[in-house]
Amino acid sequence: MVGLTHLLAKAWLLPLVYGASQSVIYSTSAARPQFTIPASAETGAQLIANIDDPQAVNAQSVCPGYKASNVQRSSRGFTADLNLAGEPCNAYGTDVDSLTLTVEYQDSDRLNIQILPTYIDASNASWYLLSESIVPRPQASLNASVSQSDFQVSWSNEPSFNFKVIRKATGDVLFDTEGSVLVYEDQFIEFVTALPEEYNLYGLGEHITQLRLLRDATLTMWASDDGTPIDGNIYGQHPFYLDTRYFKANEKNGTYTPVKSSEANASQEYVSYSHGVFLRNSHGLEVLLRSQNLTWRTLGGGIDLTFYSGPTQADVTKQYQLSTVGLPTMQAYHTLGFHQCRWGYTNWSELADVVSTFEKFEIPLEYIWSDIDYMLEYRNFENDPNRFSYSEGEEFLSQLHDSGRHYVPIVDAAIYIPDPNNASDAYETYSRGAAEDIFLKNPDGSLYIGAVWPGYTVFPDWHHPKAVDYWTNELVIWSKKVAFDGIWCDMNEVSSFCIGSCGSGNLSLNPVSGTTLPGAPGNIIFDYPEAFNITNATEAASASAGAASQAAATATTTSTSVSYLSRTEPTPGVRNVEYPPYVINNVQDGHDLSAHAVTPNATHADGVQEYDVHSLFGHQELNATYQALLEVWSGQRRPFIIGRSTFAGSGKWAGHWGGDNYSKWWSMYFSISQALSFSLFGIPMFGSDSCGFTGNTDEELCNRWMQLSAFFPFYRNHNELSTIPQEPYRWASVIDATKSAMKIRYAILPYFYTLFDLAHTTGSIVLRALAWEFPNDPTLAAIDTQFLVGPSIMVIPVLEPLVDTVKGVFPGVGHGEVWYDWYTQTAVDAKPGVNTTISAPLGHIPVYVRGGSILPMQEPALTTRDARKTPWALLAALGSNETAAGQVYIDDGQSIYPSATLHVDFTASRSRVQASARGTWKERNPLANVTVLGVDAQPSAVTLNGQEVSSESVSYNSTSQVLFVGGLQNLTRGGAWAENWVLEW
Ligand SMILES: *[C@@H]1O[C@H](CO)[C@@H](O)[C@H](O)[C@H]1NC(C)=O
Ligand SMILES: *[C@@H]1O[C@H](CO)[C@@H](O)[C@H](O)[C@H]1NC(C)=O
């Protein structure tokens, strides 16, 4: 969860007991008088963000740029010296005199351009270039050459050094710094590329924003624990974008004419070319998207740009993952089941109640989660002995595991540091880390002591050679007391609730305390979704009265006087890491880099300052946690990790949830774009807190959201402390809606799992934007209100209250694409490019199967374990050419290196469906039935491998054109794919 302290009165923590009854009772065990950190401890400098500063220097107008010389060519590219072309401007730091340019054609589809300081010497000794041990550089393949590449690089010294990256196939200029100057200073690097009018860019995370990025936005990157403000920098840093360009191909002369998506027509023929751009840089960053250009600004590091030539979106993301950030970790099968969580599950028996209530209502549940409630005074790796005792936990978890279910607890990044003079406050997790000296330091070598939930805390230093061993050891020890099945990594931006090392000299006060947690007096949550005032007028009126009186009562304590520092100043020759001369638009209070985070001058074991690597903390913690779980499970199970802060490449180890979203319709809408962006970043295991985290939900929103999330890879319901309960069984309509969506999800789990296998082995993506699956239709470029699961399932969710219809487009229908309604199994009658009105009463989520697909399915069950024991079914949806294809991947669902695997390919044509398997996994469950959609004539007889299927088991509906062939169990007793088969009619 977000540190809420900065949202409201900045007081501190009190131990609290949260009852299922919704009443908040303060524990009397907190008898010890506790020190309250004053609100001022979290107030940093109040700075004007550079982009908002009318007096800000425009580096483009004052800086001299560079001149290239000494060009050396090789078969793989060229190098050149870049020297400052005039007097240094020192706009936001100290200009670097000489740079080295390296242009390397790394592979036929990949180009790298690096511009680095030629000398890292005494004058800039603190220069930090992102370490290859943390984020590897893409490597050149052995036979890479200039001539093979789809790219061509040209450069010029007029009026100063600039370069272009051109796509040979189209002659299109993809990246073009002409008309701008290169600015290269110790704390500020700026370069600009021109972009075509109405460009289509995607990515640049992590932000809550539209899927297709706005053309007038500034996207800041600096890992930040700050809820999910629209367009603000939040938890992760992914300096990667996809750029899609549409053309009309002129057949007569072989040229391409650019096409704006706003002027395209879905029934015409276009082509598209996509490429990707990755800036390998961990510093605070800003990307200025303007109408026809894009500006990169970083607070340090180097220019290390990789271009991926595509030409399709699928190619780009595969190239990015395979060469640069790595393929996503393979998820265990059961992680695709449903996850229930909330902040405020007070003890083991409350968790047990939740599980049994799911059972009672026969709603599938796979994982139950614990937020920080289980901890003893919010300390990592220590359970509260009264509410979450190890002995009771052992019993609960053993029953949970017997029922086929799993448990995930939260782990925070910070480690409580006890008062050294209070023996009764000793904390072994701290002592063991202190003994190895593995915590972050202040510049003077003393411990860096911030504050998080437990009070004053220290932070593991992932640059310390023993930090991973330390973390592993802690998780191993704790795993012997709590048999968890995954780890949820939170607060790893890394978050801290005070400015600087506020605990230094103050440890005798620990555990410090005293916040207004959600639900406590002064912080009662009165917020509800939009339209609650219409659907629940009386309750809404009383909530709004409550909110008003609370606001009046707390008004005096929350008013702050904001005084803006005019601006920061350049400090020639000296890096100012706390107040760099260029102020990024950090979303935190006052834009101070220290606000709500460990401060930039915190120092790592190798001397690197947090300033240079801040956004990598979460990435390295996820790596450590991954390695720890390998150890905990002796390499026998795939680590399951959901992390909040991620960096380019975190998908190798972890999935991600959308963070502290809101119980609001807008927040549900943005979850789609966030999910699709993480598809591009190589983190397919993504989901948002269904029904919303912050604020109270309501029945209608929760109903729609439980249905939407059923089609996201990671499917979890999670909720803020003290808000109304929102498990799907809380409202009759939500029970029905959830079960109906889960019925589809659990039926297609084999399809989901196969998509994950493909992501893990090839870099293909799971959730897909329409524009990516249909690259030749510019009218789809901005669609983020509907999406695809893999290539075959399209979801058109309702994203607004008080409606019973939704509008959606059916891509490709002008070009032979067929879509079948999941529920009626009949082909949809839609026109190209027409926003079709679809009936979607509450409880119904429109889902479509794409013609040409064959979906492997099993029967829904309350757990994936039980679902995997059911007979198979195939759904073959014939395309307009009366063919279809599909596949399934099967293994034991959890081994890292499964000893047996099976791949089955399916094909269908006019009057037959075929299955052919390869691999050694023995799948014992029989095939129950095959459903074929789009069969235009009543078959006379149906055979499986020549044996006639009893006509009683066959039905055909000439109106819907659905052929159903049941009764196949007897013919496939040895297993659905034990032998290859042909079903004919
Ligand atoms: C980028 O575009 C903006 C808005 O059109 C313009 O003001 C600015 O001068 C451009 N920058 C460069 C370097 O061309
Ligand atoms: C190629 O053909 C297109 C369409 O007819 C035309 O607009 C364009 O100017 C032509 N380009 C060249 C280089 O001939």
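Ligands are counted one by one from 1 in listed order, and the atoms in each one are counted from 1 as well. Numbering of residues begins at 1 and proceeds along the displayed sequence. Only heavy atoms go into these numbers, but all of them, side chains included; no hydrogens, no water, no symmetry mates.
- Close N/O approach between Ser180 and ligand 1 is not found [any backbone or side-chain N/O within under 3.5 Å].
- With respect to Asp304, the side chain to side chain donor-acceptor pair (under 3.5 Å) criterion is satisfied by exactly one of Asn281, Asn112, Thr102: Asn112.
- For Tyr308 and Tyr320, the gap between ring centers is short of 6.0 Å.
- Residues Gln588 and Ser224 bring a donor and an acceptor atom of their side chains to less than 3.5 Å of each other.
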Put together the list of close N/O pairs, under 3.5 Å, between ligand 2 and the protein, could you?
from, atom 1, to, atom 2, distance (Å)
ligand 2, 2 (O), Asn253, OD1, 3.3
ligand 2, 2 (O), Asn253, ND2, 2.5
ligand 2, 11 (N), Asn253, ND2, 2.9
ligand 2, 14 (O), Asn253, ND2, 2.9

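- The aromatic ring centroids of Tyr92 and Phe188 lie less than 6.0 Å from each other.
- Separation of atoms OH (Tyr611) and CZ (Arg575) is listed at 6.0 Å; rounding is to 0.5 Å.
- Centroid-to-centroid, the aromatic rings of Tyr246 and Tyr273 stay 6.0 Å apart or farther.
- Of all atoms in ligand 1, listed by their number and element, those nearer than 4.0 Å to a heavy atom of Ser291 are 5 (O).
- Counting the atoms of ligand 1 from 1 in the order shown, those under 4.0 Å from a heavy atom of Asn293 are 1 (C), 2 (O), 3 (C), 8 (C), 10 (C), 11 (N), 12 (C), 14 (O).
- Ring geometry, His238 versus Phe681: the interplanar angle falls under 30°, so the pair is classed parallel (tilted spans 30 to 60°).
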